[in-house]
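The structure displayed is predicted, hence computed values, not measured ones.
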Amino acid sequence: MLAQGRDGLGKTAYERHQPEQTLLYQLVEAHYPALVDQLAQQGKSLPDHVHREFEAYLKCGRLEHGFLRVRCDKCHFERLVAFSCKKRGFCPSCGARRMAETAALLADEVFPDVPLRQWVISFPFPLRYLFAAHPQAMGKVLGIVYRAISTHLIHKAGFSLKDGATGAVTLIQRFGSALNLNIHFHILFLDGVYVYRDNRPPRFQRVRAPDKGELEELVQLISQRVGRCLERQGLLEQDTESAWLDLDPAEDTDAMPQILGSSISYRIAVGSQQGQKAFMIRTIRPLERPDHGLERVAKANGFSLHAGVSCEGHQKEKRERLCRYISRPAVAVPRLSLSSTGKVVYTLKTPYRDGTTQVAFEPVDFIARLAALVPKPRVNLTRYHGALAPNHRWRGLVTPARRGKGVKSNSNTEVRTPAERHAAMTWAQRLKRVFNIDIEVCSLCGGSVRVIACIEDQDVIDRILDHLRQKERETPTRPLLVPPTRAPPGTLSLFAGKDSRPTATH
């Protein structure tokens with residue numbers, strides 16, 4: 001767990017995450033080669049980008065593959081900090097880092113202090129497969145969804161498209177609660193419209209929350225427009241009774257169509273039970289009471305639109321929690337376990353209405369589920385729209401960062417280079433934001449800490465680690481340079497109050 005600082009300052013002390021001690025790492029290390037072998041027996045293989053994802057994950061957080069040396073300038077106490085894989089598929093550590101960075105950027109620099117509403121749209125199974133196999137189609141569909149909701153908000157506020165503008169940020173999530181491939185859009189919309197008239201600064205006008213009738217009209221409109229768009233692109237065929245994808249056949253050696261289709265439809269991808277339904281575990285009675293969360297949900301033709309979560313402009317903590325929720329990593333390690341029969345059991349975040357609380361996999365099929373969650377290279381999973389888009393003429397006037405075309409440079413403001421303006425959060429800033437750990441302050445004496453070396457040569461790595469292991473055997477009471485494990489990052493519940501306790505990141 002996170003240890004309290006020994007300097008009496010109330011800070012949390014840094015303790016290195018040891019991924020090799022987690023169940024997820026042990027499963028990947030043991031069964032990823034088995035998945036590759038089983039696919040090879042079928043004459044199939046995984047794409048290179050999926051292989052790179054697994055290989056990088058097995059090196060993520062391992063000191064054996066390189067590290068930084070950090071030292072206190074005052075007491076000269078040192079620690080080793082392992083490198084991370086920085087991948088986007090299923091690594092919980094890098095996913096939590098990206099979650100913290102994305103949420104901090106959106107909450108601090110992008111969203112103004114106005115009300116926000118989360119719009120979530122999910123798609124029929126065939127379109128989920130289409131988006132995974134052909135990501136360029138996903139961008140066109142997202143444009144249709146944004147324009148439909150944006151136009152609805154502007155007209156509801158009583159303005160025309162030329163007089164008003166709204167803004168949004170979309171986080172494209174690829175996973176469902178059961179680790180199934182479920183590509184859907186979480187869109188954080190400004191819950192109103194900016195109006196620009198008479199050369200005055202844009203004025204924000206809030207709109208009422210959508211009712212069920214409005215959502216039903218919107219989801220019906222979106223489904224019709226998406227169908228027509230994909231039909232024009234030659235990706236969809238429709239008749240009076242049904243619609244189906246019209247895609248070029250995949251190569252016989254490519255295993256991804258089989259893996260993607262099985263993950264989307266909750267089926268087993270590999271092994272003797274290939275094609276059968278995944279094993280669901282029901283531990284509670286089916287829920288018969290009405291779900292009040294469905295009051296702002298509408299469905300049509302396999303599409304689902306939800307707009308029931310919002311936050312006010314002054315609720316800065318809730319806004320950041322909401323940003324963390326929509327950018328959370330795919331795999332929650334605390335919900336992962338092994339059964340007595342050797343199956344991998346994953347607990348659902350929220351029970352299904354039929355009473356299902358867990359899903360069980362054979363270990364190799366679990367690895368196939370992870371493979372399905374890996375996005376193709378160069379697919380942007382965060383999109384900006386409207387007044388929050390980088391090139392919009394009002395962006396600099398409405399965003400807290402005040403950067404954009406609408407703001408002239410001011411000699412009194414701080415001058416930063418483009419590299420400084422676009423730099424991501426540093427490792428130290430992430431630790432402080434997520435864990436309340438100030439790594440730049442020594443936990444022993446309170447002195448300043450800095451990076452003194454980057455070790456990447458394998459011979460040097462081996463010599464340093466061998467030396468440290470020998471020193472630890474000789475002086476077991478000495479503070480460890482290779483510190484003990486810690487828990488995954490904590491975050492507050494989306495609807496938590498001030499006295500809520502942190503929970504494991506999902």
Side-chain angles (χ1 to χ4, degrees), residues 46-47 49-50 53 87-90 95 118-149 168-188 218-219 221-238 242-251 254-267 269 299-306 326-331 368-385:
L46 296 171
H49 72 276
V50 177
E53 189 90 17
K87 296 297 183 179
R88 304 186 296 166
F90 54 84
Q118 178 187 219
W119 296 69
V120 183
I121 183 164
S122 58
F123 303 93
F125 283 6
L127 293 191
R128 298 178 192 181
Y129 178 84
L130 174 65
F131 297 159
H134 301 274
Q136 67 275 10
M138 183 171 59
K140 295 182 181 297
V141 171
L142 177 56
I144 292 172
V145 174
Y146 169 75
R147 287 191 295 272
I149 299 175
V169 177
T170 298
L171 274 295
I172 301 173
Q173 284 192 1
R174 297 177 53 84
F175 56 92
S177 179
L179 287 183
N180 55 305
L181 179 61
N182 178 11
I183 298 180
H184 58 289
F185 303 155
H186 285 255
I187 312 176
L188 280 184
L218 272 174
V219 74
L221 176 65
I222 289 171
S223 68
Q224 293 172 354
R225 289 182 176 178
V226 168
R228 290 198 298 266
C229 173
L230 297 179
E231 196 171 8
R232 287 195 302 268
Q233 297 293 321
L235 299 172
L236 187 71
E237 294 288 341
Q238 298 189 85
S242 61
W244 61 93
L245 293 180
D246 184 16
L247 304 178
D248 295 332
E251 296 182 5
D254 188 1
M256 286 310 290
Q258 167 187 329
I259 290 176
L260 296 176
S262 299
S263 181
I264 290 170
S265 57
Y266 299 85
R267 295 187 180 274
K299 299 180 180 181
N301 305 320
F303 291 74
S304 174
L305 184 63
H306 179 261
I326 67 174
S327 57
R328 68 194 187 278
V331 182
R369 283 289 180 106
L370 297 182
L373 299 180
V374 179
K376 286 190 173 182
R378 295 175 292 280
V379 175
N380 188 0
L381 301 179
T382 304
R383 314 285 178 96
Y384 297 83
H385 314 275

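Within the 3.5 Å criterion, the main-chain N or O of Ile326 finds a donor-acceptor partner in the side chain of Gln173. In this structure, the side chain of Lys376 does not engage the main chain of Ala132 through any donor-acceptor pair within 3.5 Å.
Residues Gly89 and Pro375 share a closest heavy-atom pair of CA-CD, 4.1 Å. Taking each heavy atom of Ser262 and Ala269 in turn, the nearest pair found is OG-CA, 3.5 Å. Scanning all heavy atoms of the two residues, the minimum distance from Arg369 to Ser263 falls at CD-OG, 3.7 Å. In plain terms, the two heavy atoms of Arg383 and Leu142 that are nearest each other are CG-CD2, 3.5 Å. Contact record, Val379 with Arg88: O-NH1, 2.6 Å, taken as the closest heavy-atom pair. Considering all non-hydrogen atoms of both residues, Met256 and Ala371 come closest at CE-O, 3.8 Å.
To the nearest 0.5 Å, atoms CG (Leu245) and CG (Leu230) are separated by 8.0 Å. Residue Thr170 holds its OG1 atom at 4.0 Å from CD1 of Ile187, rounded to the nearest 0.5 Å. Rounded to the nearest 0.5 angstrom, Gln258 CD and Arg267 CZ are separated by 13.5 Å. If you take NZ on Lys299 and OG on Ser223, they are separated by 14.0 Å, rounding to the nearest 0.5 Å. Interatomic distance, Ile149 CD1 to Ile144 CD1, rounded to the nearest 0.5 Å: 12.0 Å. The distance from atom CZ of Arg174 to atom CD1 of Ile183, rounded to the nearest 0.5 Å, is 4.5 Å.
When side chains are defined from C-beta on, Asn301 does not count as touching Pro124, because their heavy atoms never get closer than 4.5 Å. Looking at Leu181 and Ile259, their side chains never come closer than 4.5 Å, going by heavy atoms from C-beta outward. Counting heavy atoms from C-beta outward, Arg128 and His184 have side chains that stay 4.5 Å or more apart. Side-chain contact between Leu236 and Leu130: absent, with no pair of heavy atoms (C-beta onward) separated by less than 4.5 Å. By the 4.5 Å heavy-atom criterion applied to side chains, Phe185 and Phe123 are counted as neighbours. Counting only heavy atoms from C-beta outward, the side chains of Leu127 and Phe303 approach each other to under 4.5 Å. Looking only at side-chain heavy atoms (C-beta outward), Leu381 and Leu171 stay at 4.5 Å or farther from each other. Contact of the Phe131 side chain with the Ile172 side chain is not registered, since no non-hydrogen atoms from C-beta on lie closer than 4.5 Å.
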* Asked: What's the verdict on side-chain contact (heavy atoms from CB on, under 4.5 Å) for Tyr129 and Leu247, showing C-alpha distance, side-chain angles and the deciding distance?
  -> CA-CA 11 Å; Tyr129 178 84; Leu247 304 178; 3.9 Å; yes
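Crowding of Glu251 atom CD: a count of heavy atoms from other residues, nucleotides or ligands under 6.0 Å not exceeding 12.
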